[in-house]
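The figures here come from the full heavy-atom set of this structure, side chains too, leaving out hydrogens, waters and symmetry mates. Because the structure is a prediction, the values reported are computed rather than measured.
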Amino acid sequence: MSKGKLKLLFIENDAKRRAAYKKRKKGLLNKVSELTTLCGINACTIIYSKFDSEPDVWPSTLAAQQVISQFKHLPEMMKERKMLNQEAYLRERITKLKEQLNKQLSENHEKDLVELMFKCLLIDKRELDKLLNGDAKKKVILDIDEAQSNPGCGILVIATTDVTHSSTQDSLEMDPADVALSSTRPTGITML
């Protein structure tokens with residue numbers, strides 16, 4: 001049974017800190033040993049601690065010196081290829097988080113549009129009266145009645161356009177994709 005997510009905080013109690021150090025050091029050395037065996041690579045670890053008088057070196061001091069020497073003789077480009085300092089790591093992390101945020105915002109926007117479209121499908125004639133007035137209202141009511149009696153007709157879209165600060169209503173029978181491509185710039189769209 002797992003203990004849950006561990007909080008990475010400094011352990012105040014000296015005895016607990018020493019026990020955690022010994023346990024995790026053993027685990028780290030075991031992982032490096034497995035890595036070198038399974039992948040056939042050269043690796044070493046050097047661990048300095050206030051709990052030990054001398055540093056712990058794995059697999060041996062001579063082997064560690066050879067690995068460090070091999071690394072020092074690599075060209076600068078090869079050495080720094082996968083190295084990250086704190087600033088580079090944070091920039092990479094911020095970029096990934098921004099991408100995730102943009103993706104989530106896009107998904108949320110899409111869901112909001114779908115929800116709005118479903119709400120618009122549920123609009124009744126009383127709410128429509130509030131949106132429209134006069135002759136446009138009569139034409140839209142007729143179009144609604146026709147659309148309800150003829151299920152084969154398209155989706156009825158009421159686009160409210162704003163032209164030079166005067167509001168006009170147009171009743172259009174078209175596909176939602178055509179509304180987005182139309183030359184009028186609707187300030188409000190209601191779909192029935």
Side-chain angles (χ1 to χ4, degrees), residues 1-123 127 130-131 160 162 176-177 179-181 185-191:
M1 185 177 204
S2 67
K3 295 178 182 179
K5 191 170 182 177
L6 175 70
K7 292 181 182 178
L8 291 177
L9 297 172
F10 180 74
I11 301 170
E12 297 291 336
N13 186 318
D14 284 341
K16 287 183 180 179
R17 188 170 56 247
R18 182 183 300 267
Y21 166 74
K22 286 183 180 180
K23 179 181 172 185
R24 291 178 179 272
K25 179 179 80 169
K26 183 179 177 185
L28 176 65
L29 295 177
N30 187 31
K31 290 291 181 187
V32 173
S33 174
E34 289 174 3
L35 184 65
T36 58
T37 303
L38 293 172
C39 300
I41 61 167
N42 293 328
C44 69
T45 59
I46 303 171
I47 301 173
Y48 288 94
S49 166
K50 69 177 186 174
F51 300 121
D52 298 321
S53 57
E54 296 202 11
D56 287 323
V57 181
W58 184 91
S60 67
T61 306
L62 182 60
Q65 287 175 346
Q66 289 174 346
V67 171
I68 292 169
S69 175
Q70 286 176 346
F71 179 74
K72 285 183 177 179
H73 286 89
L74 286 174
E76 286 297 316
M77 192 170 182
M78 291 291 288
K79 281 186 210 177
E80 297 174 0
R81 185 176 61 179
K82 293 189 178 182
M83 282 186 168
L84 286 178
N85 59 14
Q86 186 71 18
E87 183 181 354
Y89 170 76
L90 290 175
R91 284 184 191 199
E92 186 178 297
R93 185 78 180 125
I94 288 170
T95 302
K96 286 181 182 178
L97 289 173
K98 281 183 179 179
E99 289 172 2
Q100 288 177 349
L101 176 64
N102 288 337
K103 181 180 176 185
Q104 190 62 47
L105 288 173
S106 176
E107 288 176 8
N108 288 349
H109 180 68
E110 212 170 292
K111 287 179 181 179
D112 287 343
L113 288 176
V114 169
E115 182 182 357
L116 177 65
M117 288 171 58
F118 278 117
K119 284 181 181 178
C120 290
L121 287 172
L122 299 175
I123 193 169
E127 292 177 26
K130 293 176 189 175
L131 292 173
T160 307
D162 189 10
V179 172
L181 299 174
R185 296 189 55 132
T187 57
I189 295 177
T190 306
M191 299 177 67

task: Could you walk me through whether K22 and D52 pass salt bridge (Lys or Arg N to Asp or Glu O under 4.0 Å), step by step?
output: CA-CA 10 Å; K22 286 183 180 180; D52 298 321; over 6 Å; no
- request: Evaluate the side-chain contact (heavy atoms from CB on, under 4.5 Å) criterion for residues N30 and K26: first the C-alpha distance (whole Å), next the side-chain angles of each, then the deciding distance (0.1 Å), finally the verdict.
  value: CA-CA 6 Å; N30 187 31; K26 183 179 177 185; 5.7 Å; no
task: Please name all residues satisfying side-chain hydrogen bond (donor to acceptor under 3.5 Å, both in side chains) with N13, sequence neighbours left out, ordered by chain then number.
output: none
message: Is the shortest side-chain heavy-atom distance between L28 and R24 below 4.5 Å?
response: no
- prompt: For R17 and E12, which heavy atoms make the closest approach, and how far apart are they?
  reply: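 What the structure gives for the nearest pair is NH1-O, 3.3 Å.
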task: Return the minimal non-hydrogen interatomic distance between S60 and A63, and the atom names on each side.
output: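 The answer is OG-N, 3.2 Å.
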Hey, could you give me the [atom1]/[atom2] distance between [X] and [Y], rounded to the nearest 0.5 Å?
X: E54; Y: T61; atom1: CD; atom2: OG1; result: 8.5 Å
X: M78; Y: H73; atom1: CE; atom2: NE2; result: 15.0 Å
X: L74; Y: K79; atom1: CG; atom2: NZ; result: 7.0 Å

Residue that, paired with Y21, satisfies ring-ring contact (aromatic ring centres under 6.0 Å, His included) out of Y48, F51, F10: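 With Y21 as partner, Y48, F51, F10 yield a single ring-ring contact (aromatic ring centres under 6.0 Å, His included), made by F51.
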For residues 37-47, which side-chain donor-acceptor pairs fall under 3.5 Å, sequence neighbours excluded?
unit_1, atom_1, unit_2, atom_2, d
T37, OG1, S33, O, 2.9
N42, ND2, Q70, OE1, 3.4

message: Taking side-chain hydrogen bond (donor to acceptor under 3.5 Å, both in side chains) as the cut-off, I'd like each qualifying pair that reaches into residues 91-101, sequence neighbours left out, listed once.
response: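 Applying side-chain hydrogen bond (donor to acceptor under 3.5 Å, both in side chains) to every pair that reaches into residues 91-101, excluding sequence neighbours, yields E87-R91.
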message: Looking at E34, I'd like to know if its CD atom is crowded, meaning that more than 12 non-hydrogen atoms belonging to other residues, nucleotides or ligands lie closer than 6.0 Å.
response: yes
